[in-house]
Asker: 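Got a structure for you, written out below as C-alpha coordinates; questions coming shortly.
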Amino acid sequence: MLDAAEIGKRLLEFETRFGRGGVIDTYFAPGRVNLIGDHTDYNGGHVLPIAIQQGNYLLIRRSELPPARLYSASVDMEARILLTDIKKERDWADYVRGVYLYSRSVCADLPPFDALYFGDLPLDSGLSSSASIEIVTAIGLESLGCRLERSDAIKLSRRAENDFVGVFCGVMDQFTVAMAEKGKAVLLNCGNMEFRQIPFNIKDAVVVVGHTGVRRSLSATEYNTRRHECEEALRLLSAKVGPRQHLADVGISEFESARYSIPEKLAKRAEHVIYENSRVEEAARCLERGDTVTLGHLMNRSHESLRDLFDVTTEELDALQELSSSQPGVWGCRMTGAGFGGCVVALVKPDNVERYLRRMPSMYWKATHYDAEFIVTSPGAGAHKV
Ligand code: ADP
Ligand code: MG
(Lines give C-alpha, C1' and ligand atoms only; values in the text may rest on other atoms or scores of the structure.)
(Ligands and ions follow the chains in the order given, each with its own letter.)
Protein backbone atom coordinates (compact mmCIF):
# COMPACT_ATOMS: atom_id res chain seq x y z
CA MET A 1 0.00 0.00 0.00
CA LEU A 2 1.17 3.52 -0.71
CA ASP A 3 0.50 6.41 1.66
CA ALA A 4 -1.73 9.41 1.01
CA ALA A 5 1.26 11.65 0.21
CA GLU A 6 2.37 9.30 -2.58
CA ILE A 7 -1.13 9.16 -4.05
CA GLY A 8 -1.38 12.97 -3.76
CA LYS A 9 1.79 13.37 -5.81
CA ARG A 10 0.34 11.19 -8.54
CA LEU A 11 -2.85 13.27 -8.59
CA LEU A 12 -0.74 16.34 -9.33
CA GLU A 13 1.10 14.41 -12.02
CA PHE A 14 -2.26 13.42 -13.53
CA GLU A 15 -3.31 17.08 -13.78
CA THR A 16 0.02 18.14 -15.23
CA ARG A 17 -0.21 15.45 -17.87
CA PHE A 18 -3.90 15.52 -18.76
CA GLY A 19 -5.05 18.97 -17.60
CA ARG A 20 -7.08 20.16 -14.61
CA GLY A 21 -10.78 19.99 -13.83
CA GLY A 22 -13.35 17.23 -13.47
CA VAL A 23 -13.50 14.48 -10.87
CA ILE A 24 -10.53 12.10 -10.62
CA ASP A 25 -11.33 8.80 -8.90
CA THR A 26 -8.73 6.46 -7.35
CA TYR A 27 -8.92 2.64 -7.38
CA PHE A 28 -6.60 -0.08 -6.10
CA ALA A 29 -6.18 -3.74 -7.00
CA PRO A 30 -3.61 -5.96 -5.24
CA GLY A 31 -1.27 -8.61 -6.57
CA ARG A 32 -1.60 -12.15 -5.24
CA VAL A 33 0.47 -15.10 -4.09
CA ASN A 34 -0.69 -18.69 -3.83
CA LEU A 35 0.20 -20.19 -0.42
CA ILE A 36 -0.30 -23.77 -1.58
CA GLY A 37 -1.96 -25.73 -4.39
CA ASP A 38 -0.16 -25.53 -7.71
CA HIS A 39 -1.22 -27.32 -10.90
CA THR A 40 -4.40 -28.25 -9.05
CA ASP A 41 -6.47 -25.51 -10.76
CA TYR A 42 -6.92 -27.08 -14.20
CA ASN A 43 -7.45 -30.45 -12.49
CA GLY A 44 -10.57 -29.22 -10.70
CA GLY A 45 -8.78 -29.00 -7.36
CA HIS A 46 -8.30 -26.38 -4.64
CA VAL A 47 -5.97 -23.40 -4.40
CA LEU A 48 -5.27 -21.17 -1.37
CA PRO A 49 -4.08 -17.73 -2.49
CA ILE A 50 -3.93 -14.43 -0.61
CA ALA A 51 -4.07 -10.90 -2.00
CA ILE A 52 -0.87 -9.12 -1.00
CA GLN A 53 -0.40 -5.57 0.28
CA GLN A 54 1.32 -4.44 -2.91
CA GLY A 55 -0.75 -3.57 -5.96
CA ASN A 56 -1.66 -1.31 -8.87
CA TYR A 57 -3.43 2.03 -8.46
CA LEU A 58 -5.55 3.73 -11.10
CA LEU A 59 -6.43 7.43 -11.30
CA ILE A 60 -9.25 7.83 -13.79
CA ARG A 61 -11.39 10.70 -15.14
CA ARG A 62 -14.07 10.79 -17.81
CA SER A 63 -13.08 12.94 -20.82
CA GLU A 64 -14.97 14.55 -23.65
CA LEU A 65 -13.06 13.55 -26.73
CA PRO A 66 -11.42 10.31 -27.84
CA PRO A 67 -8.87 8.81 -27.83
CA ALA A 68 -8.56 7.55 -24.26
CA ARG A 69 -5.18 8.70 -22.96
CA LEU A 70 -3.21 6.38 -20.68
CA TYR A 71 0.03 6.65 -18.81
CA SER A 72 1.75 4.11 -16.56
CA ALA A 73 4.29 5.47 -14.10
CA SER A 74 5.31 1.87 -13.39
CA VAL A 75 6.83 1.55 -16.86
CA ASP A 76 6.98 5.30 -17.70
CA MET A 77 5.04 4.83 -20.92
CA GLU A 78 2.08 6.49 -22.56
CA ALA A 79 -0.55 4.76 -24.66
CA ARG A 80 -3.83 5.52 -26.37
CA ILE A 81 -7.03 3.68 -27.05
CA LEU A 82 -8.74 4.56 -30.32
CA LEU A 83 -12.26 3.88 -29.17
CA THR A 84 -13.75 3.16 -32.58
CA ASP A 85 -11.18 0.55 -33.52
CA ILE A 86 -9.72 -1.26 -30.51
CA LYS A 87 -6.89 -3.53 -31.61
CA LYS A 88 -4.03 -5.26 -29.93
CA GLU A 89 -0.94 -3.02 -30.06
CA ARG A 90 1.48 -5.39 -28.31
CA ASP A 91 2.26 -3.01 -25.46
CA TRP A 92 1.39 -2.84 -21.75
CA ALA A 93 -1.93 -1.11 -22.46
CA ASP A 94 -3.36 -4.18 -24.20
CA TYR A 95 -4.54 -5.40 -20.77
CA VAL A 96 -6.53 -2.14 -20.46
CA ARG A 97 -7.76 -2.26 -24.07
CA GLY A 98 -9.03 -5.82 -23.63
CA VAL A 99 -10.99 -4.99 -20.47
CA TYR A 100 -12.43 -1.81 -22.02
CA LEU A 101 -13.43 -3.63 -25.20
CA TYR A 102 -15.12 -6.60 -23.53
CA SER A 103 -16.88 -4.45 -20.93
CA ARG A 104 -18.93 -2.97 -23.79
CA SER A 105 -20.94 -6.19 -23.72
CA VAL A 106 -22.23 -5.03 -20.31
CA CYS A 107 -22.04 -1.24 -20.72
CA ALA A 108 -22.71 -0.26 -24.32
CA ASP A 109 -21.91 3.47 -24.14
CA LEU A 110 -18.55 3.95 -22.49
CA PRO A 111 -17.18 7.49 -22.68
CA PRO A 112 -13.50 8.26 -23.35
CA PHE A 113 -11.25 8.78 -20.33
CA ASP A 114 -7.80 9.69 -19.03
CA ALA A 115 -6.01 7.20 -16.79
CA LEU A 116 -2.79 7.05 -14.84
CA TYR A 117 -1.50 3.76 -13.42
CA PHE A 118 1.13 3.42 -10.70
CA GLY A 119 1.86 1.24 -7.68
CA ASP A 120 4.27 -0.80 -5.60
CA LEU A 121 3.77 -4.23 -7.18
CA PRO A 122 6.73 -5.71 -9.08
CA LEU A 123 5.69 -6.48 -12.68
CA ASP A 124 6.51 -9.70 -14.52
CA SER A 125 7.37 -11.46 -11.26
CA GLY A 126 4.62 -14.02 -10.85
CA LEU A 127 2.63 -11.82 -8.45
CA SER A 128 -0.08 -11.30 -11.04
CA SER A 129 0.39 -7.66 -11.91
CA SER A 130 -1.50 -8.56 -15.09
CA ALA A 131 -4.68 -9.57 -13.22
CA SER A 132 -4.16 -6.53 -10.98
CA ILE A 133 -4.09 -4.03 -13.88
CA GLU A 134 -7.10 -5.75 -15.48
CA ILE A 135 -9.23 -5.76 -12.34
CA VAL A 136 -8.31 -2.21 -11.32
CA THR A 137 -9.38 -1.12 -14.80
CA ALA A 138 -12.62 -3.13 -14.66
CA ILE A 139 -13.72 -1.70 -11.30
CA GLY A 140 -12.48 1.77 -12.31
CA LEU A 141 -15.04 1.83 -15.15
CA GLU A 142 -17.48 2.71 -12.37
CA SER A 143 -16.04 6.20 -12.67
CA LEU A 144 -17.29 6.26 -16.29
CA GLY A 145 -20.78 5.19 -15.26
CA CYS A 146 -20.24 1.44 -15.78
CA ARG A 147 -20.63 -0.38 -12.47
CA LEU A 148 -19.64 -4.02 -13.09
CA GLU A 149 -20.63 -6.92 -10.85
CA ARG A 150 -17.51 -8.54 -9.40
CA SER A 151 -18.30 -11.75 -11.29
CA ASP A 152 -18.41 -9.77 -14.56
CA ALA A 153 -15.19 -7.94 -13.72
CA ILE A 154 -13.51 -11.32 -13.17
CA LYS A 155 -14.86 -12.83 -16.40
CA LEU A 156 -14.02 -9.81 -18.57
CA SER A 157 -10.54 -9.52 -17.13
CA ARG A 158 -9.75 -13.16 -17.67
CA ARG A 159 -11.09 -12.94 -21.19
CA ALA A 160 -8.92 -9.85 -21.81
CA GLU A 161 -5.83 -11.79 -20.75
CA ASN A 162 -6.66 -15.08 -22.52
CA ASP A 163 -8.26 -13.86 -25.74
CA PHE A 164 -7.13 -10.25 -26.25
CA VAL A 165 -3.56 -10.28 -24.91
CA GLY A 166 -3.27 -13.97 -25.72
CA VAL A 167 -1.71 -15.19 -22.46
CA PHE A 168 -3.06 -18.30 -20.84
CA CYS A 169 -3.89 -18.01 -17.13
CA GLY A 170 -6.17 -19.96 -14.83
CA VAL A 171 -9.09 -18.40 -13.01
CA MET A 172 -7.34 -18.01 -9.64
CA ASP A 173 -5.58 -14.72 -10.43
CA GLN A 174 -8.50 -12.46 -11.32
CA PHE A 175 -10.69 -14.19 -8.73
CA THR A 176 -8.27 -13.53 -5.86
CA VAL A 177 -7.48 -9.96 -6.88
CA ALA A 178 -11.20 -9.13 -7.06
CA MET A 179 -12.58 -11.17 -4.14
CA ALA A 180 -9.91 -11.35 -1.40
CA GLU A 181 -10.56 -9.88 2.04
CA LYS A 182 -8.01 -8.35 4.39
CA GLY A 183 -6.59 -10.87 6.85
CA LYS A 184 -8.04 -13.84 4.95
CA ALA A 185 -6.93 -16.38 2.37
CA VAL A 186 -9.28 -17.58 -0.37
CA LEU A 187 -9.93 -21.32 -0.48
CA LEU A 188 -11.18 -21.79 -4.04
CA ASN A 189 -12.44 -25.01 -5.57
CA CYS A 190 -11.50 -24.56 -9.23
CA GLY A 191 -13.74 -27.47 -10.21
CA ASN A 192 -17.03 -25.81 -9.24
CA MET A 193 -15.88 -22.27 -8.28
CA GLU A 194 -17.14 -22.61 -4.71
CA PHE A 195 -14.98 -20.61 -2.33
CA ARG A 196 -14.53 -19.74 1.31
CA GLN A 197 -12.72 -16.87 3.00
CA ILE A 198 -10.31 -18.47 5.48
CA PRO A 199 -9.16 -16.34 8.44
CA PHE A 200 -5.37 -16.08 8.43
CA ASN A 201 -4.96 -16.87 12.12
CA ILE A 202 -1.20 -17.35 11.89
CA LYS A 203 0.25 -14.75 14.23
CA ASP A 204 3.80 -16.07 14.50
CA ALA A 205 4.78 -15.73 10.84
CA VAL A 206 4.98 -13.16 8.07
CA VAL A 207 4.71 -13.99 4.40
CA VAL A 208 7.91 -13.42 2.42
CA VAL A 209 7.98 -13.82 -1.34
CA GLY A 210 11.37 -14.43 -2.93
CA HIS A 211 11.92 -14.02 -6.66
CA THR A 212 14.62 -16.23 -8.17
CA GLY A 213 15.72 -13.51 -10.59
CA VAL A 214 14.92 -15.92 -13.39
CA ARG A 215 11.95 -14.89 -15.50
CA ARG A 216 9.33 -17.56 -15.58
CA SER A 217 9.86 -18.88 -19.08
CA LEU A 218 6.50 -20.57 -18.69
CA SER A 219 7.82 -22.87 -21.23
CA ALA A 220 4.40 -23.17 -22.78
CA THR A 221 5.23 -26.56 -24.20
CA GLU A 222 6.14 -28.05 -20.81
CA TYR A 223 2.99 -26.58 -19.30
CA ASN A 224 0.84 -28.06 -22.05
CA THR A 225 2.61 -31.38 -21.68
CA ARG A 226 1.67 -31.46 -17.98
CA ARG A 227 -1.93 -30.71 -18.84
CA HIS A 228 -2.03 -33.55 -21.35
CA GLU A 229 -0.38 -35.93 -18.92
CA CYS A 230 -3.04 -35.08 -16.34
CA GLU A 231 -5.83 -35.66 -18.87
CA GLU A 232 -4.34 -39.00 -19.79
CA ALA A 233 -3.93 -39.99 -16.12
CA LEU A 234 -7.58 -39.05 -15.52
CA ARG A 235 -8.72 -41.18 -18.45
CA LEU A 236 -6.77 -44.23 -17.29
CA LEU A 237 -7.71 -43.84 -13.61
CA SER A 238 -11.38 -43.32 -14.50
CA ALA A 239 -11.32 -46.66 -16.30
CA LYS A 240 -10.14 -48.28 -13.03
CA VAL A 241 -12.00 -46.46 -10.26
CA GLY A 242 -15.07 -45.18 -12.11
CA PRO A 243 -15.64 -42.06 -14.20
CA ARG A 244 -14.49 -38.74 -12.73
CA GLN A 245 -14.73 -35.28 -14.20
CA HIS A 246 -11.45 -34.01 -12.77
CA LEU A 247 -8.23 -35.63 -11.65
CA ALA A 248 -8.62 -33.98 -8.24
CA ASP A 249 -11.91 -35.88 -7.81
CA VAL A 250 -10.00 -39.17 -7.51
CA GLY A 251 -9.60 -40.04 -3.82
CA ILE A 252 -6.23 -40.93 -2.29
CA SER A 253 -7.13 -44.56 -1.55
CA GLU A 254 -8.69 -45.00 -4.99
CA PHE A 255 -5.52 -43.66 -6.54
CA GLU A 256 -3.33 -45.95 -4.42
CA SER A 257 -5.38 -48.97 -5.49
CA ALA A 258 -4.91 -48.12 -9.16
CA ARG A 259 -1.51 -46.43 -9.41
CA TYR A 260 0.46 -49.48 -10.57
CA SER A 261 -1.94 -50.07 -13.44
CA ILE A 262 -0.98 -46.84 -15.19
CA PRO A 263 2.42 -45.75 -16.60
CA GLU A 264 4.85 -44.60 -13.90
CA LYS A 265 5.24 -41.05 -15.16
CA LEU A 266 1.47 -40.50 -15.28
CA ALA A 267 1.14 -42.00 -11.79
CA LYS A 268 3.67 -39.43 -10.51
CA ARG A 269 1.75 -36.54 -12.08
CA ALA A 270 -1.53 -37.84 -10.63
CA GLU A 271 0.05 -38.43 -7.22
CA HIS A 272 1.11 -34.78 -7.08
CA VAL A 273 -2.32 -33.46 -8.02
CA ILE A 274 -4.32 -35.74 -5.73
CA TYR A 275 -2.10 -35.34 -2.64
CA GLU A 276 -1.55 -31.61 -3.28
CA ASN A 277 -5.30 -31.12 -3.34
CA SER A 278 -5.65 -32.73 0.06
CA ARG A 279 -2.69 -30.67 1.36
CA VAL A 280 -4.53 -27.49 0.35
CA GLU A 281 -7.59 -28.44 2.38
CA GLU A 282 -5.39 -29.36 5.36
CA ALA A 283 -3.49 -26.07 4.97
CA ALA A 284 -6.76 -24.13 5.11
CA ARG A 285 -7.59 -25.87 8.43
CA CYS A 286 -4.09 -24.96 9.71
CA LEU A 287 -4.65 -21.30 8.83
CA GLU A 288 -7.93 -21.28 10.68
CA ARG A 289 -6.62 -22.89 13.86
CA GLY A 290 -3.28 -21.03 13.75
CA ASP A 291 -1.13 -24.15 13.31
CA THR A 292 2.00 -22.69 11.73
CA VAL A 293 4.14 -25.81 12.31
CA THR A 294 1.91 -28.11 10.26
CA LEU A 295 1.31 -25.45 7.63
CA GLY A 296 5.06 -24.98 7.14
CA HIS A 297 5.48 -28.72 6.87
CA LEU A 298 2.77 -28.93 4.20
CA MET A 299 4.46 -26.15 2.22
CA ASN A 300 7.77 -28.03 2.21
CA ARG A 301 6.00 -31.27 1.14
CA SER A 302 4.28 -29.35 -1.64
CA HIS A 303 7.60 -28.10 -2.99
CA GLU A 304 9.11 -31.60 -2.91
CA SER A 305 6.10 -32.92 -4.79
CA LEU A 306 6.33 -30.21 -7.47
CA ARG A 307 10.05 -31.01 -7.77
CA ASP A 308 10.08 -34.81 -7.65
CA LEU A 309 6.66 -35.84 -8.97
CA PHE A 310 5.43 -33.00 -11.15
CA ASP A 311 8.86 -31.90 -12.38
CA VAL A 312 8.19 -28.17 -12.73
CA THR A 313 10.90 -26.65 -10.52
CA THR A 314 14.26 -25.34 -11.73
CA GLU A 315 17.73 -25.42 -10.13
CA GLU A 316 17.19 -21.84 -8.96
CA LEU A 317 13.75 -22.51 -7.43
CA ASP A 318 15.15 -25.56 -5.64
CA ALA A 319 18.18 -23.61 -4.39
CA LEU A 320 16.05 -20.74 -3.11
CA GLN A 321 13.61 -23.11 -1.43
CA GLU A 322 16.34 -25.20 0.17
CA LEU A 323 18.34 -22.23 1.46
CA SER A 324 15.20 -20.53 2.62
CA SER A 325 13.70 -23.46 4.49
CA SER A 326 16.97 -24.08 6.34
CA GLN A 327 17.18 -20.51 7.72
CA PRO A 328 16.40 -20.01 11.39
CA GLY A 329 12.78 -19.06 11.97
CA VAL A 330 11.45 -20.33 8.65
CA TRP A 331 8.35 -22.50 9.13
CA GLY A 332 8.12 -23.59 5.52
CA CYS A 333 8.82 -22.57 1.96
CA ARG A 334 7.72 -23.63 -1.51
CA MET A 335 7.74 -22.54 -5.11
CA THR A 336 4.54 -20.78 -6.04
CA GLY A 337 2.86 -20.44 -9.43
CA ALA A 338 3.34 -22.62 -12.45
CA GLY A 339 7.07 -23.14 -11.89
CA PHE A 340 9.85 -23.03 -14.53
CA GLY A 341 11.21 -19.89 -12.80
CA GLY A 342 9.45 -17.20 -10.78
CA CYS A 343 8.94 -17.11 -7.02
CA VAL A 344 8.97 -18.99 -3.75
CA VAL A 345 6.76 -18.14 -0.79
CA ALA A 346 8.02 -18.58 2.77
CA LEU A 347 6.54 -18.21 6.25
CA VAL A 348 9.09 -16.56 8.52
CA LYS A 349 8.97 -15.79 12.26
CA PRO A 350 8.65 -12.02 12.66
CA ASP A 351 11.82 -11.81 14.79
CA ASN A 352 13.85 -13.61 12.14
CA VAL A 353 12.75 -11.63 9.09
CA GLU A 354 15.46 -9.00 9.27
CA ARG A 355 18.23 -11.57 9.49
CA TYR A 356 16.58 -13.63 6.72
CA LEU A 357 16.49 -10.64 4.38
CA ARG A 358 20.08 -9.75 5.21
CA ARG A 359 21.56 -13.19 4.63
CA MET A 360 19.52 -14.74 1.84
CA PRO A 361 20.61 -12.61 -1.17
CA SER A 362 24.32 -13.39 -0.86
CA MET A 363 23.76 -17.07 -0.02
CA TYR A 364 21.50 -17.44 -3.02
CA TRP A 365 23.92 -15.57 -5.27
CA LYS A 366 26.76 -17.88 -4.20
CA ALA A 367 24.63 -20.88 -5.10
CA THR A 368 23.25 -19.70 -8.43
CA HIS A 369 24.86 -16.42 -9.53
CA TYR A 370 21.41 -14.85 -9.78
CA ASP A 371 20.09 -11.90 -7.76
CA ALA A 372 17.04 -12.79 -5.72
CA GLU A 373 14.58 -10.12 -4.61
CA PHE A 374 12.34 -10.36 -1.58
CA ILE A 375 9.15 -8.69 -0.51
CA VAL A 376 7.52 -8.92 2.89
CA THR A 377 3.76 -8.93 2.84
CA SER A 378 0.54 -10.06 4.53
CA PRO A 379 -3.01 -10.96 3.43
CA GLY A 380 -4.45 -7.75 2.05
CA ALA A 381 -7.80 -6.54 0.76
CA GLY A 382 -9.15 -7.23 -2.71
CA ALA A 383 -9.74 -4.52 -5.30
CA HIS A 384 -11.54 -1.39 -4.03
CA LYS A 385 -12.09 2.31 -4.48
CA VAL A 386 -9.62 4.38 -2.46
P1 ADP B 1 2.76 -11.02 -13.74
O2 ADP B 1 1.28 -11.08 -13.91
O3 ADP B 1 3.31 -12.20 -13.02
O4 ADP B 1 3.27 -9.73 -13.17
P5 ADP B 1 2.63 -11.10 -16.60
O6 ADP B 1 3.65 -11.29 -17.66
O7 ADP B 1 1.43 -11.98 -16.59
O8 ADP B 1 3.40 -11.13 -15.20
O9 ADP B 1 2.06 -9.62 -16.70
C10 ADP B 1 2.94 -8.51 -16.55
C11 ADP B 1 2.58 -7.42 -17.55
O12 ADP B 1 1.38 -6.74 -17.15
C13 ADP B 1 3.63 -6.34 -17.61
O14 ADP B 1 4.73 -6.69 -18.42
C15 ADP B 1 2.82 -5.18 -18.18
O16 ADP B 1 2.67 -5.32 -19.58
C17 ADP B 1 1.45 -5.38 -17.55
N18 ADP B 1 1.30 -4.53 -16.35
C19 ADP B 1 0.92 -4.91 -15.12
N20 ADP B 1 0.86 -3.88 -14.26
C21 ADP B 1 1.21 -2.79 -14.97
C22 ADP B 1 1.38 -1.39 -14.67
N23 ADP B 1 1.17 -0.89 -13.44
N24 ADP B 1 1.76 -0.57 -15.67
C25 ADP B 1 1.98 -1.04 -16.90
N26 ADP B 1 1.86 -2.33 -17.24
C27 ADP B 1 1.48 -3.20 -16.30
MG1 MG C 1 0.17 -12.50 -15.01
Side-chain angles (χ1 to χ4, degrees), residues 1-2 6-7 10 13-14 17 26-34 38 41 47 49-60 68-81 88-100 114-140 154 157-178 180 209-220 223 317 335-345 373 375 377 383 386:
M1 288 292 241
L2 297 173
E6 190 76 31
I7 297 171
R10 296 297 180 186
E13 186 180 355
F14 184 103
R17 196 168 276 279
T26 309
Y27 295 87
F28 171 79
R32 66 95 190 92
V33 65
N34 190 22
D38 279 311
D41 54 349
V47 292
I50 56 169
I52 57 177
Q53 297 293 330
Q54 295 75 5
N56 273 322
Y57 289 80
L58 163 64
L59 302 179
I60 184 167
R69 298 180 294 180
L70 315 176
Y71 172 72
S72 167
S74 316
V75 294
D76 188 21
M77 274 198 263
E78 290 180 352
R80 279 163 188 251
I81 308 183
K88 188 169 161 178
E89 311 266 344
R90 300 184 184 283
D91 63 11
W92 67 273
D94 280 343
Y95 296 90
V96 180
R97 291 188 186 96
V99 169
Y100 189 84
D114 297 323
L116 191 153
Y117 294 86
F118 63 101
D120 55 355
L121 178 65
L123 313 187
D124 313 305
S125 297
L127 297 175
S128 217
S129 71
S130 57
S132 169
I133 192 170
E134 289 150 15
I135 294 287
V136 83
T137 303
I139 67 163
I154 293 166
S157 297
R158 184 170 180 213
R159 197 171 151 216
E161 181 141 356
N162 289 176
D163 300 347
F164 192 85
V165 179
V167 173
F168 180 81
C169 63
V171 69
M172 165 173 72
D173 297 356
Q174 289 80 11
F175 192 93
T176 311
V177 168
V209 179
H211 191 268
T212 53
V214 184
R215 229 199 109 115
R216 176 176 42 111
S217 60
L218 205 155
S219 106
Y223 181 84
L317 279 169
M335 61 150 267
T336 177
F340 311 110
C343 296
V344 300
V345 56
E373 279 177 46
I375 65 168
T377 193
V386 179

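All residue numbers in this chain count up from 1 along the given sequence. Since we're looking at a predicted model, the values are computed, not measured. All ligand and atom numbering here is 1-based and tracks the order in the structure. Computation of the quantities below employed the complete heavy-atom set of this structure, encompassing side-chain atoms and omitting hydrogens, waters and symmetry-equivalent molecules.
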Asker: Hey, is the main chain of Asn34 close enough, under 3.5 Å, to the side chain of Thr336 for a donor-acceptor pair?
Answerer: yes
Asker: Answer side chain, backbone, both or neither: which part of Ser130 comes under 4.0 Å from ligand 1, heavy atoms only.
Answerer: both
Asker: Would Arg69 and Asp114 pass as an ion pair if we require N to O under 4.0 Å?
Answerer: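 Looking at Arg69 and Asp114, the cut-off is met.
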Asker: So how far is it from Leu2 CG to Asp120 CG, rounded to the nearest 0.5 Å?
Answerer: 4.5 Å
Asker: Is Gly119 in contact with ligand 1, taking contact as a heavy-atom separation below 4.0 Å?
Answerer: no
Asker: Which is it for Phe118 and ligand 1 at heavy atoms under 4.0 Å: side chain, backbone, both or neither?
Answerer: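 The answer is neither.
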Asker: What are the protein N, O or S atoms, given as residue plus atom name, that sit under 2.8 Å from the Mg ion (ligand 2)?
Answerer: Ser130 OG
Asker: Pairs of nitrogen or oxygen atoms closer than 3.5 Å, one from Tyr117 and one from ligand 1: do any exist?
Answerer: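 No, since none of the N or O atoms of Tyr117 sits under 3.5 Å from an N or O of ligand 1.
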Asker: Applying a strict 4.0 Å limit to heavy atoms, is Asn56 in contact with ligand 1?
Answerer: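 Yes, that is the case, since the closest heavy atom of the residue is under 4.0 Å from the ligand.
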Asker: Using a 4.0 Å heavy-atom threshold (strictly under), name the region of Leu123 that reaches ligand 1: side chain, backbone, both or neither.
Answerer: both
Asker: What atoms in ligand 1 come closer than 4.0 Å to a heavy atom of Gly126?
Answerer: 3 (O)
Asker: Could I get the full list of salt bridge (charged side-chain N to carboxylate O under 4.0 Å, His left out) partners for Arg10, not counting sequence neighbours?
Answerer: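 Checked Arg10 against salt bridge (charged side-chain N to carboxylate O under 4.0 Å, His left out); matches are Glu13.
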Asker: Walk me through whether Ser157 and Gln174 qualify under side chain to side chain donor-acceptor pair (under 3.5 Å).
Answerer: CA-CA 7 Å; Ser157 297; Gln174 289 80 11; over 6 Å; no
Asker: Which of these, Tyr57, Tyr71, Trp92, has its nearest heavy atom closest to atom 26 (N) of ligand 1?
Answerer: Trp92
